[in-house]
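Below is one structure, written out as structure tokens; comments come after it.
Just follow the structure's listing: the first ligand is 1, and inside any ligand the first atom is 1. Numbers here simply count residues along the sequence, with the first being 1.
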Amino acid sequence: MALVEINFDGIIGPSHNYAGLSLGNVASATSKGNVSHPRAAALEGLAKMRHNLRLGLNQGLFVPQRRPDRAWLAALGTDAEGAPAALRPAAFSASSMWAANAATISPASDCADGRCHLTVANLQTMAHRSHEWPETLAQLRLAFADRTHFAVHPPVPGFGDEGAANHMRLAPRHDAPGVEIFVYGRRGGAYPVRQHEEASRAVARLHRLDPARILFAAQSEEAVAAGAFHNDVVAVANENVLFAHEQAFEDAPGLYAELRRLVPEVEIVEVPAKAVSLDDAIGSYLFNAQLVSLVDGTMALILPEEARETPSVWRWLEEMVAGNGPIRRLFVVDVRQSMANGGGPACLRLRVVAEPEAIDPRFLADEAKIDRLAGIVEATWPERIAPEDLREPDMWRRMETARATLLEALDLSELT
Ligand code: SUG
């Protein structure tokens, strides 16, 4: 059986809304109070999955979580009827769609026990994301139940961990031993840093990685302060290629030197600030592209429409693919509903290198399954949600019925 990369996308849930909950996430703040379109959002996400399947990529899925999260509200001494205004939106957020924050993954070839390790992220910095982990853990325990192949860890305590969005892996190929880079925040100007170095170090220990083949790198303060609340807003890696903004890291030359020593095949594609400013990089989500290896062995970027609409970014990309670098092709997808909350194509997926046969097939996707899911979304997802709709019991029931219908279609009703 072959080890391949599988992208697990979070299906965008029926409660998708714009509540401006993420301090330091510029798009979330800008969209605060706007009317959202959950049905269109979920269809955009499914269309991205279909697009990637047609490129020959392997695709998986995670299901939306229970929203409103009545158990979480109960633990806070309230309920959906009585929730104070400061709590209500946090109980409704569809933020588990951003699967890049679900967990950190180390493929089997990096881990001392020869198993793929997955640690669920605690997401403790933001209240609306801090209650994702129990349901994420439940899904990962089902999808990756085979203990001969996988070890699923609960979240690390005490220190903020935001999962794969702050983790990169460089290797000659997906199935070869690699070097894992854990990126953390030290300072973020007016904004919180969400990935703590101690959380990253704990994950590396739990995954039984070789200490000689891991690197820890701080995000630059200017990147966090400009809105790079996760490293995957300013850098992305795939196999032997690192694609990063010049201002992504506190000590880029030091990181690159270590990488070149440990992975001689590495190719670093750095975008200079004079060609693309940090603001343009963050506004367009250039680096939140999925950097993927196509079946013919070349690499491609799967970019959001906003990258094509940002002149400095598109100019730079066109020059890059016209040159001789390792990234040969550009694809553009429309995930505007997610983008307006700060989630690009790469935020919506969690990468796992594994044998598909070892995974619970209910979490794997093909086009027929995506078509079925799209039909359910069309029929049951709310068309629009305005902020005041979150106070309507009819809307809560609609969200709950929509999710239950989806789970039933996937034979995953045990997650209800
Ligand atoms: O955690 N947005 C998410 C976006 C996560 C993007 N993920 C990665 N970069 N990998 C966040 O900030 C907005 C929710 C709101 O404001 O209602 C939100 O949670």
For the pair Phe216 and Phe182, name the ring-plane relationship: parallel under 30°, tilted 30 to 60°, perpendicular over 60°.
parallel
No-hydrogen, no-angle side-chain donor-acceptor test under 3.5 Å, Gln247 and Glu222
yes
Could you list the residues that satisfy salt bridge (charged side-chain N to carboxylate O under 4.0 Å, His left out) with Arg115, not counting sequence neighbours?
Asp113
Hey, can you tell me if Phe287 and His245 have their rings parallel, tilted or perpendicular (30° and 60° cut-offs)?
perpendicular
Rounded at 0.5 Å granularity, tell me how far NE2 in His131 sits from CZ in Arg66.
12.0 Å
Given side chain to side chain donor-acceptor pair (under 3.5 Å), test Glu5 with Asn58 step by step and report yes or no.
CA-CA 7 Å; Glu5 178 178 273; Asn58 301 290; over 6 Å; no
Give every pair made of an N or O atom of ligand 1 and a protein N or O atom lying under 3.5 Å apart, one pair per line with both atom names and the distance to 0.1 Å, or write 'none'.
residue, atom, partner, partner atom, Å
ligand 1, 1 (O), Arg129, NH1, 2.8
ligand 1, 1 (O), Arg194, NH2, 2.6
ligand 1, 2 (N), Asn25, ND2, 3.3
ligand 1, 2 (N), Asn341, O, 3.0
ligand 1, 7 (N), Asn101, OD1, 3.0
ligand 1, 9 (N), His230, ND1, 3.1
ligand 1, 9 (N), Asp232, OD1, 2.8
ligand 1, 10 (N), Asp232, OD1, 3.3
ligand 1, 10 (N), Asp232, OD2, 2.7
ligand 1, 12 (O), Ser22, OG, 2.7
ligand 1, 12 (O), Asn25, ND2, 2.9
ligand 1, 12 (O), Arg194, NH1, 3.2
ligand 1, 16 (O), Gly20, N, 3.2
ligand 1, 16 (O), Leu21, N, 2.7
ligand 1, 16 (O), Ser28, OG, 2.8
ligand 1, 16 (O), Asn341, OD1, 3.4
ligand 1, 17 (O), Ala19, N, 3.4
ligand 1, 19 (O), Ser22, OG, 3.3
ligand 1, 19 (O), His128, NE2, 2.7

